[in-house]
Amino acid sequence: MNYSPKTPEYPAYTVVKDIPTLKSVIKPLFKAKVIALDCETTGLDPLTDKIRLIQIAVPNYPVVIIDLPAIYKHNNVEHNTGDRRTNISRLLLNKLFCNSALKIAHNAKFEWQFLNQAGLQIAGRFFDTQLAYQVLNAGIKTSASLENVTRKLLRLQLDKTLQTSNWHQNLTPEQLQYAALDAAILLDLYPILVKKLKQANLLKIAQLEFYCMPVVAKMELNGMLFDVSQWHKLGAKLEADKINALQQLKQLRLVGKSQLSLLPELTDTVNPNSSQQVLAAFQAMGIPVQSTNQKDLVPLVNQYPIIKALLDYRHLAKITATFTDSLPKHIHPKTGRVHPNYYQLGARSGRFSCRQPPLQTIPRDAAARSCFIAAPNYQILKADYSQIELRIVARLSGDAKMRKAYRQGADLHKLTAALVTGKRITEVTEEDRRLAKAINFGLIYGMGAAKLRVYAETKYGVTMTLESAKAFRTRFFDAYSGVTKWHETIKKAYLRGVKESRTLAGRRRRWADKPRLAEMLNHPVQGLNADINKLAMVKLVKPLSRTNARLICVVHDEIVLECPENEIAQVSRILHRCMVAAAVKFLNPVPVVVDITVGDSW
DNA sequence: TTACAACCTTTA
DNA sequence: CAACTAAAGGTGGTAA
């Protein structure tokens with residue numbers, strides 16, 4: 001079965017450089033039910049780079065290669081400079097791109113953004129061959145590049161060496177051939193992917209992703225406005241704090257000449273950023289640690305002042321290096337905003353991942369988040385699902401106590417606190433509730449007693465013995481017997497050797513090797529959270545289009561909009577309605593709560 | 001010199 | 001038998 005991939009045949013093509021040719025060759029394209037699209041561009045940034053070619057492939061017709069700069073020159077419009085005047089070429093192309101045909105592209109977000117910036121619109125039904133491949137292979141390590149997808153599904157080897165060739169000058173026949181093939185090949189990939197999606201019962205999830213694609217494309221172009229002077233102020237303070245923390249460390253003799261001259265490796269300066277050196281120094285000082293990570297050090301902070309100093313320094317070093325120094329590099333010179341890259345299927349669970357900058361890991365302190373601001377006369381609307389993962393667990397397990405608590409609008413953490421401590425709800429203290437939070441979040445994915453003890457201490461500041469951790473664990477599963485049964489069901493599948501998991505919406509995660517039980521417990525929850533948030537984003541499109549609000553950020557269970565001040569009330573209602581509707585579809589009868597806040601910043 | 005895995009910390 | 005998940009990214013250390 002191991003054929004070596006063949007070289008594909010190059011399709012016929014027509015190059016379009018003027019309006020009369022465009023008018024004549026575009027006509028047959030309107031009859032097509034499917035249109036495959038690809039663009040060659042001068043770079044990867046839709047805000048500054050430009051389209052060089054648009055390739056359009058439909059069945060049984062030469063690939064139409066549109067030399068967009070040449071056409072625009074004919075029409076005397078500026079490309080990608082905000083010049084949005086209508087003209088004959090834009091009218092023709094928009095009519096085609098917004099018709100009822102299915103638009104096929106590989107990483108359609110890229111084409112969408114570049115067309116948008118060129119003053120063109122593309123709308124209607126999409127089929128993204130990259131997203132389709134990723135939906136099929138979620139959890140499996142495999143490249144979703146066009147080259148790899150073509151090799152895997154068609155056993156053809158594309159030659160991508162021309163992808164990064166010079167697309168500025170007059171194009172060679174080889175370049176045009178290459179460009180034509182990239183569009184034409186999509187027509188061959190499409191039916192195979194549809195068949196596979198149907199067979200795997202993944203068509204609906206793929207369509208959710210396709211509907212989501214333009215929303216994400218627009219969100220990235222929108223970006224977030226960033227108050228760089230405020231950020232620098234914050235950065236300066238953190239930098240000063242960091243230097244102070246370093247001084248503390250030095251006074252406690254971690255950094256600088258060590259007094260332990262018997263150990264030659266410690267006579268040199270210890271670099272506090274090196275876990276290796278720090279560990280050696282700690283051990284030489286007689287501190288009993290095997291590692292220098294938080295969970296091992298936190299229990300010792302009171303005993304050893306130097307550990308407190310190190311953790312303080314680490315925190316500030318992390319914040320300054322990862323955020324204060326690097327975030328301003330991502331401010332786009334053209335917009336003054338940060339435009340991260342969202343990957344719709346960047347996480348195995350179906351969640352988004354986000355890079356450059358990683359907006360999903362910005363520290364939660366008000367100081368940091370307040371640097372992400374609304375434009376003048378706008379406000380930031382932030383909406384997040386309340387305890388969505390626990391509600392999903394309540395829905396999936398059908399656990400009676402959990403469902404009753406949510407139905408009554410009770411505080412589930414307090415309930416858990418009462419159940420594991422044996423107190424009445426009214427007697428539960430703040431500390432008890434913190435303990436319960438650690439228990440709820442940890443145990444639903446199968447955390448053991450030993451980890452629970454450590455986790456409760458490092459993340460929630462609650463100390464307990466291993467025995468009490470064991471007892472809490474037992475009491476949790478006794479109290480929530482529905483959760484216990486749900487875990488047992490998944491464990492049975494796990495023991496049978498099942499190597500895939502589905503969310504309620506049908507999203508699949510696969511494992512190439514043996515899954516871990518916790519991964520199988522996690523996917524139905526985290527994956528459904530992703531399904532719900534994506535559905536909410538899709539539901540928002542139409543009602544939001546009637547307002548001037550724009551989507552600027554999503555973080556797993558949170559949606560952030562930038563909204564004109566005079567539309568806050570209206571848009572809040574829309575946001576609330578769409579998010580609740582998306583979640584209710586899957587969580588009913590477990591109630592859904594969406595919290596919305598309004599402010600000048602994130 | 002560069003490429004990569006290990007370690008650590010940040011988020012939901 | 002017990003097992004918390006999903007990411008991005010900076011830094012130091014080492015292998016090529």
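Each chain gets a letter, A, B and so on, in the order the sequences are listed, and its residues count up from 1.
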Is it the case that atom NZ in Lys160(A) sees more than 12 heavy atoms from other parts of the structure closer than 6.0 Å?
yes
Output the residues of residues 595-602 of chain A in contact with DNA chain C, where contact means a heavy atom of the residue under 4.0 Å from an atom of the strand; sort by number or write none.
none
Have a look at Arg516(A) and say if it touches a base, only the backbone sugar-phosphate, or nothing, with a 4.0 Å heavy-atom cut-off.
sugar-phosphate
Does the separation of the ring centres of Tyr455(A) and Tyr460(A) fall below 6.0 angstrom?
yes
Donor-acceptor pairs under 3.5 angstrom involving side-chain atoms of residues 591-602 of chain A: please list them, not counting sequence neighbours.
from: Asp600(A); atom 1: OD1; to: Gln379(A); atom 2: NE2; distance (Å): 2.6
from: Trp602(A); atom 1: NE1; to: Glu558(A); atom 2: OE2; distance (Å): 2.9

Mind checking what makes salt bridge (charged side-chain N to carboxylate O under 4.0 Å, His left out) contact with Lys401(A), not counting sequence neighbours?
none
How long is the span from the CZ atom in Arg434(A) to the CD atom in Glu430(A), to the nearest 0.5 Å?
7.5 Å
Could you tell me whether Leu495(A) atom CG has more than 12 heavy atoms of other residues or ligands within 6.0 Å of it?
yes
For residues 338-356 of chain A, which residue pairs qualify under side-chain hydrogen bond (donor to acceptor under 3.5 Å, both in side chains), counting only residues two or more places apart or in two chains?
Glu209(A)-Gln344(A), Thr335(A)-His339(A), Asn341(A)-Gln356(A), Ser349(A)-Gln526(A), Arg351(A)-Glu389(A)
Think Arg509(A) has a side-chain N or O under 4.0 angstrom from the OP1 or OP2 of dA6(C)?
yes
Neighbour count above 12 (heavy atom, 6.0 Å) for Tyr211(A) OH:
no
Just to be sure I understand the rule, does Gln294(A) reach a base, reach only the sugar-phosphate, or reach nothing, if contact means heavy atoms closer than 4.0 Å?
sugar-phosphate
Considering only atom P, compute the distance from dA3(C) to dT10(B) and round it to an integer number of Å.
25 Å
Report which part of the nucleic acid Lys491(A) touches: base, sugar-phosphate, or nothing (heavy-atom distance under 4.0 Å, all strands).
base
Inter-residue atom distance Leu47(A).CG - Glu220(A).CD, 0.5 Å rounding:
10.0 Å
May I ask you to list the residues of residues 445-482 of chain A, by number, that have any heavy atom positioned under 4.0 Å from an atom of DNA chain C?
Tyr445(A), Gly446(A), Met447(A), Gly448(A), Lys451(A), Tyr455(A)
Using a 4.0 Å heavy-atom cut-off, does Glu389(A) contact any base of the nucleic acid, only the sugar-phosphate backbone, or nothing at all?
nothing
Return each pair, listed once, that meets ring pair (Phe, Tyr, Trp, His ring centres under 6.0 Å) where at least one residue sits in residues 482-509 of chain A; pairs must be two or more places apart or across chains.
Phe477(A)-His487(A)
Is the shortest side-chain heavy-atom distance between Ile444(A) and Leu521(A) below 4.5 Å?
no
What residues form a salt bridge (charged side-chain N to carboxylate O under 4.0 Å, His left out) with Arg337(A), not counting sequence neighbours?
Glu562(A)
Whichever of Ser326(A) and His556(A) has the more 5' nearest nucleotide on DNA chain C, that residue is His556(A)
Which nucleotide span of DNA chain B, 5' end to 3' end, has atoms closer than 4.0 Å to non-hydrogen atoms of chain A?
dC7(B) to dA12(B)
For residues 518-528 of chain A, which residues have at least one heavy atom under 4.0 Å from DNA chain C?
Ala518(A), Glu519(A), Asn522(A), Gln526(A)
Looking only at atom types and distance, does a side-chain atom of Lys539(A) sit under 3.5 Å from a main-chain N or O of Lys534(A), one as donor and one as acceptor?
no
Side-chain N or O of Arg348(A) less than 4.0 angstrom from OP1 or OP2 on dA7(C)?
yes
Counting only heavy atoms and a strict 4.0 angstrom limit, can you tell me which residues of residues 358-373 of chain A come near DNA chain B?
Gln360(A), Thr361(A), Ile362(A), Pro363(A), Arg364(A), Arg369(A)
Carboxylate-amine/guanidinium proximity below 4.0 Å for Arg403(A) and Asp399(A)
no
If a protein heavy atom is under 4.0 Å from the base, mark B; if only from the sugar-phosphate, S; if neither, -; do that for nucleotides 11-16 of chain C going 5' to 3'.
SSS---
Hey, is the main chain of Asp227(A) close enough, under 3.5 Å, to the side chain of Gln230(A) for a donor-acceptor pair?
no
Tell me whether Asp411(A) is salt-bridged to Arg433(A), with the criterion being a basic N under 4.0 Å from an acidic carboxylate O.
yes
Which is true for Tyr494(A) with a 4.0 Å heavy-atom rule: it touches a base, it touches only sugar-phosphate, or it touches nothing?
base
Return each pair, listed once, that meets salt bridge (Lys or Arg N to Asp or Glu O under 4.0 Å) where at least one residue sits in residues 468-492 of chain A; pairs must be two or more places apart or across chains.
none
Are Leu345(A) and Phe352(A) close enough, and set up right, to give a side chain to side chain contact (heavy atoms under 4.5 Å, CB included), and what steps lead you there?
CA-CA 6 Å; Leu345(A) 294 167; Phe352(A) 285 96; over 6 Å; no
